[in-house]
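Let me begin by presenting the structure, written as C-alpha cells, before commenting on it.
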Amino acid sequence: MAACSVVRGEDAFKKVFKFYKRKSPPPDFSDVTDFSKGLPSDKIVPAVLDLSAVSDSEAARAGLQPVKSWRAFGLQGYPGFIFISNPFLRGSQPFWIRQCLKTYPQKPNVCNLDMHMSPSDTQDIWGQSVHGLSSSPSGKREPKTLLERLRWVTLGYHYNWDTKTYSANHHTPLPADLHLLSVQITAACGFPGFSAQAGILNYYRHDSSLGIHVDESELDHSRPLLSFSFGQSAIFLLGGVRREDPPHCYDSTLGGVLSEEDRLLCTRYIQSSRLNVTVRQVLGPGQRFPETPSSPQKTDASQAGGGTRTDKPTEKGGGGVVAVTLLRLQRHDTYPAVNQRQ
Ligand SMILES: O=C(O)CCC(=O)C(=O)O
C-alpha cells in the first residue's frame, strides 16, 4: 500500500504517521516526494527566489552558495512552502553540525537535560561526551553519553513546552551566525526584514520522532518559519489546513573550519542521527508579549491536523535541506517516535 494516496478522512494524519513508523515489514516509500530527483514531477514546481535580495558575497558570508545556484522547489497545492536542496557551500554543513552539537547546547541556552540535571552538569555536554563518542565499541553496553541523550535545545526566546508559549522574561541572545543565515535565506525567499528571534533544535536518533503538531505559538503569523535539516533523512508529512486533509510526504535531508577531532566526532554522530533547527520570528515589528500569556498555541495531533516525519534508514548521511514555510496553518510537521521532547 502506498500511504499518501489512499488515506483520507478524519484520521488521515494518524494513519499515515503510523504507516511510516512501521518497522516490519518496512513501509513502501514510493509515494514519498524526493526533492533530490527534482523536476519534472507532477507535484514539484520551481520556486521563485529573489535573486537580487542577497549578493554572492553576503551569501558566502553566511556559508551559502550564490542564490542563483540554489535548487528551490514548491509543492503543488501547498502555497507558502519552499524546499531548498542543500544551498550550503562545501564545508559549511559540518560547521552547522558542530554548532548544533558543541556550541548551541552550552549555557545560557536551555536543553532537555536541564530538566533533571544541574547547570554545571550540563555546561559542557560535548566535552563530557567526547570520550564515549570517540572510543570504538567494546561490545559491552556502554552508558549513553550526554550528547546521545540530548533531545532538544532552545535559543533566543526559549519555548516553554508546558505553557506552549514564549515570554519576554525568558530570553537570551540568539546566536549571531544562525541569525545571519536565517536573514539571508528568508530574504532570498521574498521575506526581507525577517528577525530570527527563537530557535528550537531537535536531535533525532534512529528510533525517535516528533508528535504531530501545528506551530502557531509565534505571535506574528505573517513571518516565515525556517527549518534546517542535517544528517540522516526522514519522512516529513506536511498537513493541510484541515485535520482531514491527507498529508503530503517528503524526504528531508541536508553539510568553517573544524578540527580533525570535531570533524570525526560530528561525522560519527550524524551517521546515526538527524538534526533539525527551526528558526522563528516570534514578534512582529512593534509587537509585545501580552501581560498574561495567551492560551497554549502549539497544538498536538488530537487537536489539529498535522504533519509527520519518520526516520527512514538511508545509505547517505549529511545531505542538507532548508524548508521555508510561510503559511502557518499549512505547516504541520512531526516525527513518529516517542518522548522526543522529554
Ligand atoms: O524536525 C523537524 O523536521 C521538525 C521540527 C519541528 O516541527 C519543530 O521543531 O516544531
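Only a predicted model underlies this, so the values are computations on that prediction, with no experimental measurement involved. Numbering of ligands and ligand atoms starts at 1, following listing order. Numbers here simply count residues along the sequence, with the first being 1.
- The shortest heavy-atom distance from Y204 to ligand 1 is under 4.0 Å.
- Shortest non-hydrogen contact noted between I44 and D34 is CD1-O, 4.3 Å.
- Of all the atoms in ligand 1, the ones that sit under 4.0 Å from a non-hydrogen atom of N202 are 5 (C), 8 (C), 9 (O).
- Within ligand 1, counting atoms from 1 as listed, the ones closer than 4.0 Å to a heavy atom of D215 are 10 (O).
- Checking only distances, R280 does come within under 3.5 Å of ligand 1, N or O to N or O.
- In this structure, the side chains of F73 and I82 stay at 4.5 Å or more apart for every pair of heavy atoms.
- Checking each of D124, D114, D121 against K107 for a salt bridge (Lys or Arg N to Asp or Glu O under 4.0 Å) leaves exactly one that passes, namely D114.
- Contact annotation: the side chain of K68 approaches that of D56 to within less than 4.5 Å [non-hydrogen atoms, C-beta and beyond].
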